[in-house]
Amino acid sequence: MLRTEEFTLNMGPQHPATHGVLRLILHLDGETIVKVEPVVGYLHRGIEKLAEARTYTQVIPYTDRLDYLAAMLNNLGYVQAVEKLMGIEIPERAEYIRIIVSEMSRIASHCIAVGTYALDLGGFTGFMYPFREREKLMDMFEMISGSRMTHSYMRIGGVAADLPEEFYPAIKKFLKEFPSCVDEYDGLITGNEIFQARTKGVGVLSQEKAVQYSISGPTLRGSGVNYDLRKARPYGIYDRFDFEVPVGEKGDCFDRYYCRIQEMRQSHRIIEQALEQLEELPGGPVMAKVPKVLKPPKGEVYHEIEGAKGILGYYVVSDGTTKPYRVHIRRPSFINLDLLDEMCRGWKIADVVAILGSIDIVLGEVDC
Amino acid sequence: MVCLEERSIGMEIKKDLQTKHPVEDLTDDPVIIEQVKRTITLAPLEKILNLARSNSLWPMTFGLACCAIEMMAAGGPRFDLARFGYEVFRPSPRQADVMIIAGTITKKMAPFVKRLYEQMPEPKWVVAMGSCAISGGPFVDSYSVVPGADKLLPVDVYIPGCPPRPDALIHGMLLLKEKVKNPKVVEEKPWKAIK
Amino acid sequence: MESNKVAEQLQEYFQSIGNNRKVLTVSPDELIPLMYRLRDEYEFNYLTDETAVDYGDYFEVIYNLSRVPQGDILMVKTKVDKEKAEVPSVFEVWPGAIWFEREIFDLLGIKFTNHPDLRRILLDDSFEGHPLRKDFQWVGGREV
Amino acid sequence: MFGSGLLKGLAITWKEMLTPKVTIQYPDEIYSLPDRFHGRFKLDKDACISCGMCVRACPNNVIKMETETVARKKRLLKYVMDIKYCLFCGFCVESCPKNALGYEKDFELAQYKLDKVPLVLVDEEPLPPEEKERLEAEAAQKIAAAKAKKEASGGKDKGGE
Amino acid sequence: MENIFVNISGSIRELIGVLGLPPLFNEAVMITVKVTGILLFIVLNALWLVYMERKVAGYIQCRYGPNRVGPKGLLQTAADISKLISKEIIIPSGADKILFLLAPVLIFTPPLMVFMVVPFGQNMAAVDLNIGVFYFLAVASLSTVIFWIAGWASNNKYSLLGGMRVVAQMISYELPMVLAVLGVVMITGTLNMSDIVRAQENLWFIFAQPVAFLIYFIAGVAECNRVPFDLTEGESEIVAGPFTEYSGMGFALFFLAEYTNVMLVSFMAATLFLGGWLAPFGLTIIPGWAWMLIKVYIMIFLFMWLRWTYPRVRVDQLMGFGWKVLVPLSLANIFITGVAIKVLDKMGW
């Protein structure tokens with residue numbers, strides 16, 4: 001008697017569309033998906049355990065390697081958590097430098113998110129143009145911190161060094177050219193009918209389900225929930241800049257993608273304002289008076305910032321010694337992934353790639 | 001003139017064979033030595049094929065962690081791996097020549113790395129990119145990290161850096177190119193573009 | 001509604017709640033009713049983070065709840081001793097807790113009752129022991 | 001109209017095809033690295049007082065240092081940076097009180113063999129034993145002379161006691 | 001310069017004629033000479049196209065393509081192919097051995113067979129069949145089966161999926177292609193390639209049948225599995241489609257066959273719609289066959305331009321677009337052409 005049978009396909013740890021080493025076990029009925037089982041942990045390096053064996057300052061380079069597309073934002077989260085724990089006030093100039101550098105890191109991360117999303121859907125050139133912009137940002141990061149991706153530039157109590165002289169002309173040139181580049185992505189990717197056909201109405205995520213499943217970042221805002229920590233619970237000096245939070249309507253792949261494009265424009269605005277206000281500031285110190293060997297008081301702190309992929313939280317417990325007793329990192333990509341199964345049901349294999357790309361996960365952060 | 005040189009190189013090779021064949025220090029069983037001498041000679045054709053292989057090393061898309069982003073940047077417009085013809089990132093191991101291990105190999109990932117290496121067809125090479133691939137790097141004390149790719153596979157070129165710049169990766173690939181062309185280059189100091 | 005006002009109102013309701021700043025500590029068996037109240041009555045509809053710490057002879061499980069889109073945050077803690085490491089799963093209050101709790105089980109070995117599929121998520125299934133415990137022994141890969 | 005987005009995409013790729021290229025042809029043109037670039041390390045041997053601050057500052061104890069004290073003066077023998085464990089985070093360079101440790105603008109560290117990867121910045125033989133005694137003897141003499149001079153001067157003004 | 005090749009074949013014919021062998025033998029020799037000529041032309045062109053594609057890709061993505069291997073990178077594809085020749089051929093366990101090895105060999109035959117009929121220039125077609133167009137459409141659809149053999153034989157889930165997608169895509173885009181070409185055939189009334197080209201003396205058919213050209217072009221892109229319809233080899237979805245398991249020479253043949261198919265569809269487009277070897281506006285200083293090559297390369301550049309601009313379509317969208325849009329459109333085109341011919345006859349043209 002003829003009957004169709006479900007077969008499992010292994011989108012294995014080495015697959016062009018899984019943004020690294022994520023393994024998806026697809027239970028397929030022909031081309032339509034019956035069930036998706038994400039298997040993570042292929043890049044679990046045990047950073048939380050390693051952090052317990054290093055001093056507070058030595059943990060900073062390890063936070064770079066979490067979400068390696070936006071290293072500055074990881075540093076910002078950890079450093080602000082420890083400052084909250086020790087009650088340190090950082091100088092004004094350092095606050096502005098941190099905002100500028102974090103927003104640059106957010107733009108770089110969104111450039112890759114947009115680029116790899118176009119690549120997943122087959123548009124190889126759509127992958128190359130954002131990389132060209134990101135290279136300019138990489139050069140500026142290298143001027144500031146000395147390395148392109150793993151900067152470990154922020155310190156507890158401020159930043160490692162002031163912005164170099166040749167940084168200002170470079171950032172001004174970038175700020176002038178960037179809007180036209182984003183319009184170019186719009187023309188090439190967003191406006192393209194094939195791209196819209198592949199993403200509009202695909203993998204819809206309702207508001208209640210998104211909030212219930214603790215989704216955060218552009219994935220949450222794509223479903224219409226206006227929740228951005230920079231506005232909802234401002235940290236640092238975000239309340240001095242005016243920018244909007246882009247919010248989607250239907251919560252499909254296109255809205256999530258388009259939130260990232262809009263966020264790039266908003267970050268561009270923030271950097272512009274921050275640069276103006278920084279130039280008015282008299283040249284002050286960039287590092288607070290912090291003892292060489294940090295010994296925070298016994299206690300714990302949980303501090304959240306708006307990372308590039310979502311809410312990035314640090315829970316630091318200190319027992320009074322120079323090494324943290326426990327560091328837990330709330331990783332947005334890890335949590336945004338658990339809803340992949342429900343969002344992909346009933347769609348095709350090509351859509352699993354589209355939905356996974358629209359959630360924009362980084363495996364360094366998923367597996368911590 | 002050219003043919004003279006050609007012949008002299010030829011004679012050199014023959015001279016080597018009379019004196020001492022490398023297989024002699026492996027075994028002293030005369031039958032094996034005689035058999036090996038008769039069958040295996042490094043024919044000039046191999047040299048030409050090595051030249052072709054060195055100019056079209058197709059890497060496999062095998063990004064693990066942060067170094068994978070620098071590998072993508074190497075393929076990007078600024079550093080352009082395509083100038084050397086290496087930009088054809090083949091997703092399937094069957095069509096790849098070079099496995100660039102870009103990132104940390106965890107114990108859960110090790111069997112897959114091994115299987116992918118075995119699935120690659122013969123002349124294949126391995127480039128260990130970044131401190132994690134060379135020796136476990138920043139995560140060497142961790143409970144779930146394999147301390148270095150050479151615990152699993154024979155590695156041809158080590159590129160330190162965390163992550164190494166895309167031009168450092170291109171420098172590594174050019175070293176691999178020299179090695180493919182002439183395996184003896186391993187003894188000397190590696191070629192450098194920056195003096 | 002600021003979260004420490006919430007704490008005061010809860011004070012008279014649950015005697016076992018000790019509270020310094022914005023932290024509620026509650027024992028495991030009263031955990032689920034408190035969570036339901038926090039979610040329905042005080043609109044803490046978003047579980048941002050759930051983690052656990054090994055304090056030698058007892059575990060402490062920490063829940064961070066916040067309100068979307070207002071943005072307040074409240075920390076709720078429970079203590080459970082090491083041998084009988086059983087905590088009720090908050091999966092039915094916030095379904096997003098599945099992967100949090102699987103990660104805690106994987107790295108610290110705390111079992112969560114009536115959790116849909118409690119198995120290892122980050123480590124290989126053949127891995128013995130729970131790495132984030134303070135008494136976990138392992139051999140690093142560094143050549144001396 | 002349905003095809004307008006498609007045609008706009010073609011127009012953009014055509015425009016990009018004619019724009020000048022962004023590539024830096026690596027082996028011929030080298031990208032001008034900024035001054036703070038974390039590349040190959042270099043140690044200024046004389047400035048280094050072998051205090052070991054850098055060894056403690058490194059998150060992954062990459063630096064191995066051997067010293068030898070001769071006549072109460074520390075001398076640096078071996079200074080090996082095992083960069084296969086290095087994070088290139090720059091904490092060691094920051095922590096050095098004498099700014100002896102710095103970077104070179106060189107990122108070409110690739111090697112064929114693993115044992116050639118570590119950077120051996122200083123590698124000197126410990127002094128032979130007789131050399132050591134001679135220096136000790138000299139130092140001892142110097143101290144004795146200094147003490148004697150002090151008594152002589154001390155004796156004069158303390159004569160009244 | 002115009003018919004330099006015709007003279008060459010004429011002189012070869014006399015050369016053999018002198019030997020006084022039976023006429024059948026000279027025909028056989030002539031055919032083998034033509035076949036080797038065309039085979040050489042195809043392989044050289046395929047090698048050149050691989051290099052051209054990587055250069056065009058580079059320039060579109062504001063970087064340089066291969067420029068280090070040989071003068072300006074010209075030997076890049078030679079290096080690739082000679083490397084692929086010397087690679088180890090792995091036959092996966094459980095694969096259907098004979099079919100697995102047969103598929104790469106067969107993949108080259110359909111395009112080769114069709115090139116026999118293509119008029120490279122003024123009466124320079126190897127065999128000037130009077131049912132040329134029909135022969136082209138019939139043989140071109142054979143490669144579907146060969147892709148399916150490759151997909152089935154390599155015993156790999158990705159290849160199976162790729163194979164199924166190939167069959168679905170190429171068959172459903174065969175129909176609009178045939179109907180589009182029908183429009184042209186209705187105007188000329190003959191199936192002979194050279195007559196079609198001669199019929200475009202004063203008006204190229206691209207202006208007479210713009211819709212048919214568009215449909216033919218889109219169906220051609222789908223036939224060659226090129227982006228935006230490259231679902232068979234969709235890198236990001238099913239790794240490398242039917243030829244995931246092929247390594248070494250097997251993969252090289254598939255790799256080159258793709259470019260041969262592109263060349264084939266471009267030649268057909270040039271012949272049927274762009275007036276073959278006819279020089280535009282009468283500029284006959286350039287010989288006919290050179291015009292043919294120029295038009296073919298313009299079409300091939302169009303293929304490449306599409307590839308480096310558009311993302312990939314999903315399987316069901318592909319089917320929907322093929323059946324619900326292209327087929328009705330081409331039927332309407334045939335209807336209008338028929339009415340137009342009747343009306344123009346009435347007006348005595």
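Chain letters run A, B, ... following the sequence lines, proteins first and then strands; every chain starts at 1.
- Residue D/Glu29 places its CD atom among more than 12 non-hydrogen atoms of other residues, nucleotides or ligands, all under 6.0 Å distant.
- Neither the backbone nor the side chain of A/Thr190 comes within contact range of chain D, judged by heavy atoms closer than 4.5 Å.
- Contact check for A/Arg155 versus D/Phe91: side-chain heavy atoms found under the 4.5 Å cut-off.
- Taking all atoms of both residues into account, the shortest heavy-atom contact from A/Asn192 to D/Leu6 is OD1-CD2, 3.2 Å.
- Only the side chain of D/Tyr31 comes within contact range of chain A, with at least one heavy atom under 4.5 Å from a heavy atom of that chain.
- Interface residue A/Ile194: backbone and side-chain heavy atoms are both found under 4.5 Å from chain D.
- Neither the backbone nor the side chain of A/Ala53 comes within less than 4.5 Å of any heavy atom of chain D.
- Per-residue counts of heavy-atom pairs under 4.5 Å with chain D were compared for A/Ile189, A/Thr55, A/Asp139; the largest is that of A/Asp139.
- Among A/Gly146, A/Gly187, A/Gly191, the residue with the largest count of heavy-atom pairs under 4.5 Å with chain D is A/Gly146.
- At a 4.5 Å heavy-atom cutoff, A/Arg148 makes no contact with chain D through either its backbone or its side chain.
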* **D/Thr13 and A/Tyr129: CA distance, side-chain angles, deciding distance, side-chain contact (heavy atoms from CB on, under 4.5 Å) verdict** => CA-CA 10 Å; D/Thr13 31; A/Tyr129 293 158; 4.1 Å; yes
* To do: For the pair A/Gln58 and D/Asn60, evaluate side-chain contact (heavy atoms from CB on, under 4.5 Å) and give the outcome as yes or no after the intermediate values.
  => CA-CA 9 Å; A/Gln58 285 176 344; D/Asn60 208 14; over 6 Å; no
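- Note: D/Pro59 leads D/Pro59, D/Gly90, D/Cys89, D/Gly39 in heavy-atom pairs under 4.5 Å with chain A.
- Nearest heavy atoms, D/Leu87 versus A/Pro61: CD2-CB, 3.5 Å.
- Annotation: maximal heavy-atom pairing with chain D below 4.5 Å, among A/Lys292, A/Glu142, A/Arg54, occurs at A/Glu142.
- Interatomic distance, A/Glu135 CD to D/Ile24 CD1, rounded to the nearest 0.5 Å: 8.5 Å.
- Between D/Arg36 and A/Pro164, some side-chain heavy-atom pair lies under the 4.5 Å cut-off.
- Taking the charged nitrogens against the carboxylate oxygens, A/Glu184 and D/Lys8 have no contact shorter than 4.0 Å, which rules out a salt bridge.
- Across all non-hydrogen atoms, the minimal contact from A/Glu193 to D/Ser4 is OE2-OG, 3.9 Å.
- There is no contact between A/Asp64 and chain D, counting heavy-atom distances below 4.5 Å.
- Atom OH of D/Tyr103 sits about 9.0 Å away from atom OG of A/Ser147, to the nearest 0.5 Å.
- Counting heavy-atom neighbours within 6.0 Å of D/Lys64 NZ, excluding the residue itself, gives a total above 12.
- There is no contact between D/Ser95 and chain A, counting heavy-atom distances below 4.5 Å.
- At a threshold of 4.5 Å between non-hydrogen side-chain atoms, the residues D/Val22 and A/Phe131 do not count as touching.
- For chain A, the nearby part of D/Ala57 is the backbone; its heavy atoms alone come within less than 4.5 Å.
- We find the NE2-OG distance between D/His38 and A/Ser152 to be 7.0 Å, quoted to the nearest 0.5 Å.
- Taking chain D as the reference chain and counting heavy-atom pairs below 4.5 Å, the highest number among A/Ile60, A/Thr57, A/Thr150 is found for A/Thr57.
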